[in-house]
Asker: 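Starting off with a structure, shown below.
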Amino acid sequence: MIFLSPIQQKLSDAIKHIYDHDIAHEEIALSITRSEFEGEITFIVFPLTRVAKQKPEVIAQTLGDYLKKESQEIVADFNVVKGFLNISLTDSFWIDVLQQISKTPDYGAGNPKNKKVLVEFSSPNTNKPLHLGHVRNILLGWSCAQIQEYAGYDVIKTQIINDRGIAICKSMVAWRLFGNGDTPESTGVKGDHFVGQYYVRFEQAFKDEYENWQSKDTALEIFKKHGKEGQESAAFFKAYKNQYFNEYSELGKQAQELLIKWESGDESAIELWKQMNDWVYEGFEATYNALGVHFDSYYYESDTYLLGKDAIEEGLNKNVFYRKDDSSVWIDLEAEKLDHKLVLRSNGTSVYMTQDIGTAQKRYEDHGAEKMVYVVADEQDYHFKVLFEIMKKLKAPFGEGMYHLSYGMVDLPTGRMKSREGKVVDADDLVEEVIGEAAHQAKERGEAEELSPAERNELYRKVGLGALKYFILKVNPKKRMTFNPAESVDMQGQTGPYIQNAYVRIQSIVRRWKDMKIDAKLSSDYDAIEPAERILIQSLSNFPEELRLASENYDPSGLASYLYSLAKSYHKFYHDVRILGAEDDAAKAFRVFLSQNVASVLKKGMELLGIEMPERM
RNA sequence: GGUCCAGUAGCUCAGCUGGAUAGAGCAACAGACUUCUAAUCUGUAGGUCCCAGGUUCGAAUCCUGGCUGGAUCACCA
């Protein structure tokens, strides 16, 4: 809307002049005229009825007459439908807008803020490979980071890796028992999958052990003693699983002992733990590479899980927290409707919250970020509400700048993903599949035959990932989404490849244009623009506003919709209007110029979504 | 039970701080390639915006109550 301030100014003047009423020109709300009506910009006059003491139609007509008379260089025409004043702007106005857009370096970018914003995303556990849920997280986090950077912030992309605890110990135990010294290298299995296999192996062995045990005398006695009346033994043992793990299981004992050894710094435990995690990280890096993302810093729970205790002490002194008789520490958030929440156990050890408080402080010390964005699934909404409230009460310098980019779970058409039942979509498989599908479709179409094998693979990668990323990012983050694998590789309609295709068409035109050796600039000889051209300029003019919304709301989905609509307008233009076959050189030059501006907005916009553009497809 | 989130076409989703006759894509059907890349374009068909009240010139949008689905409410992470 930045280009519309002259119109706002004129309207403000008109209202002052005719009705003697003051409205600051920034306050004049203009909207885009719906396509079924004549005009481009609409001013809604209903709110003026009180001031003007006239019927809406009369007000709109009066303002329209005034504008047309006083601002001929901008306002070409107008029409009134009920209380809607639809304004048609002059061609020269739109051409001037295009001129301004083309002259703006980094069009749509925000001014440098000299503020750091830290974006945390991905944040996996190290006992299994990344899956579809992580993919949504990673794409959202990456895009959000790109958008903040373009908005003028200094962005630090980071994660918190859960590299410790009972889960990784399970993998370690299984590897010791069944691994025979195998490694990812010796087996050719990618590191994260390799370690994940041992986690699964442990769970299987544990399940067998547990089932075996259930027919033993000890088990029968426990069932007799603790089972509820009429309860089936199967149901009882299902519920008893955790207790069995903790008290009777041989495997459980081994895993727990390993955890205790690790915590006490036992050398062999630490060595194995490091080895397995290194394998996993190597695998993760490969997946991040495949997805085209990377990080600036990493935080590991093994380093941070003891942090936060100082903050608890400090909070006690400030009376933010209180200590119960059993010496556990709590915060009272009843006033915020969040109840009471434990921040330190009675034995003095940390809970999750303690650690997060400490990690946030450490990050501030390390990076000086005043804003922190956490990309974490919506099941942790409550946790982050509490965390942010605590940081505010502790008066942390970044307390007001914390944001939880909460996103909904990803369901499959068959229902929820369930890792226990093996119903998960693996991230590596997914990437491979979408690229394979892109290759398949390109071959069927016979495109890209003149490209080298390397160029061809690069193309398939860009198109396949473009489809996948767009499919996920177009959905509003906070909504739960259904991931249909078949639809995710669609390349027609509202998809990534559709937008890439608009860009590719422009590149093709530009290549031919260069051969024609005509000056590629605006000519004053071309002054009567086509509707399709005007629509494109109008759409280009909305880019900064879309970026502002995406940045302020930490939401790329609106940007994704916008880029689709721009691409759609371009495809329509391409179909309706001859570009290189235009009637004269001035028209050719104008259309190529316009196309180039469309291409650069499409490319930048997609880049902010983390999607690359191919030059041909 | 308390709290939070979601509910829009057969399916997947838009609809921004309230604006005109609620929009796309997919799927279905009918068309357009001797012409800048048809991964495109054009058309047809498809709706109780979960329900009921309220606020006002005007409500899919805001408020209240209900219904449905999900999440969460551990000295778990």
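Remember, it's a predicted structure, so these values are computed and weren't measured experimentally. In what follows, every chain begins at residue 1, and chains take the letters A, B, ... in the order their sequences are listed.
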Asker: Using distance alone, with no hydrogens and no angle criterion, decide if A:Glu437 and A:Gln441 have a side-chain donor and acceptor under 3.5 Å apart.
Answerer: yes
Asker: Just to confirm, is there a sub-4.0 Å distance from OP1 or OP2 of B:rA74 to any side-chain nitrogen or oxygen of A:Arg345?
Answerer: no
Asker: Whole Å only: how far is the CE atom of A:Met481 from the P atom of B:rG7?
Answerer: 15 Å
Asker: Take atom P in B:rC26 and the same atom in B:rU35, then report the distance between them in whole Å.
Answerer: 24 Å
Asker: Starting at atom CZ of A:Arg512, determine the distance to atom C1' of B:rU35, rounded to an integer number of angstrom.
Answerer: 11 Å
Asker: With both distances kept under 3.5 Å, what pairs with B:rU3, Watson-Crick or G-U wobble?
Answerer: B:rA71
Asker: Please tell me which of the listed nucleotides, B:rC73, B:rG25, B:rA20, lies nearest to the side chain of A:Lys568?
Answerer: B:rG25
Asker: How far, in whole Å, is B:rC73 from B:rG46 if one measures between their P atoms?
Answerer: 47 Å
Asker: How about A:Phe202 and A:Tyr199: are their ring centroids closer than 6.0 Å?
Answerer: no
Asker: If you look at every strand shown and take non-hydrogen atoms under 4.0 Å, does A:Asn125 touch a base, only sugar-phosphate, or nothing?
Answerer: nothing
Asker: Considering only the C1' atoms, how many Å lie between B:rA59 and B:rC16, rounded to the nearest integer?
Answerer: 16 Å
Asker: Please classify the nucleic acid contact of A:Asn476 as base, sugar-phosphate, or nothing, using heavy-atom distances under 4.0 Å.
Answerer: sugar-phosphate
Asker: Could you work out the separation of B:rG15 and B:rU8 based on their P atoms and round it to a whole Å?
Answerer: 14 Å
Asker: Side-chain donor or acceptor of A:Asp378 under 3.5 Å from a matching atom on the base of B:rA6?
Answerer: no
Asker: Could you check how far CZ of A:Arg578 sits from P of B:rC33, rounded to whole Å?
Answerer: 14 Å
Asker: Using atom P of each nucleotide, how far apart are B:rA39 and B:rU34 to the nearest Å?
Answerer: 15 Å
Asker: Check the pair A:Thr42 / A:Thr33 against side-chain hydrogen bond (donor to acceptor under 3.5 Å, both in side chains), numbers first and verdict last.
Answerer: CA-CA 5 Å; A:Thr42 294; A:Thr33 307; 2.7 Å; yes
Asker: Is there a donor N/O on one and an acceptor N/O on the other, under 3.5 Å, for the side chain of A:Thr42 and the base of B:rA20?
Answerer: yes
Asker: Does the structure show a Watson-Crick or G-U wobble partner for B:rU61, both distances under 3.5 Å? Name it, or say none.
Answerer: none
Asker: Counting only side-chain nitrogens and oxygens, does A:Arg34 get under 4.0 Å of the OP1 or OP2 atom of B:rA20?
Answerer: yes
Asker: Quick one about A:His383 and A:Asp356 (side-chain donor to acceptor, distance below 3.5 Å, no hydrogens or angles considered), yes or no?
Answerer: yes
Asker: For the side chain of A:Gln492, counting heavy atoms from C-beta on, which of B:rC13, B:rC26, B:rU37 is nearest?
Answerer: B:rC26
Asker: Taking the same atom, C1', in B:rU55 and in B:rC63, what whole-Å distance lies between them?
Answerer: 7 Å
Asker: Determine the contact category for A:Tyr574: base if any of its heavy atoms lies under 4.0 Å from a base atom, sugar-phosphate if only primed atoms, P, OP1 or OP2 are that close, otherwise nothing.
Answerer: base
Asker: Take atom C1' in B:rG18 and the same atom in B:rC5, then report the distance between them in whole Å.
Answerer: 22 Å
Asker: Of the options B:rC41, B:rU8, B:rA38, whose atoms approach the side-chain atoms of A:Tyr498 most closely?
Answerer: B:rC41
Asker: Take atom C1' in B:rA14 and the same atom in B:rA52, then report the distance between them in whole Å.
Answerer: 27 Å
Asker: Just checking A:Thr482: base, sugar-phosphate only, or nothing, at a heavy-atom cut-off of under 4.0 Å?
Answerer: sugar-phosphate
Asker: Would you check if there is a donor-acceptor pair between the side chains of A:Asp163 and A:Thr126 at a distance under 3.5 Å?
Answerer: no
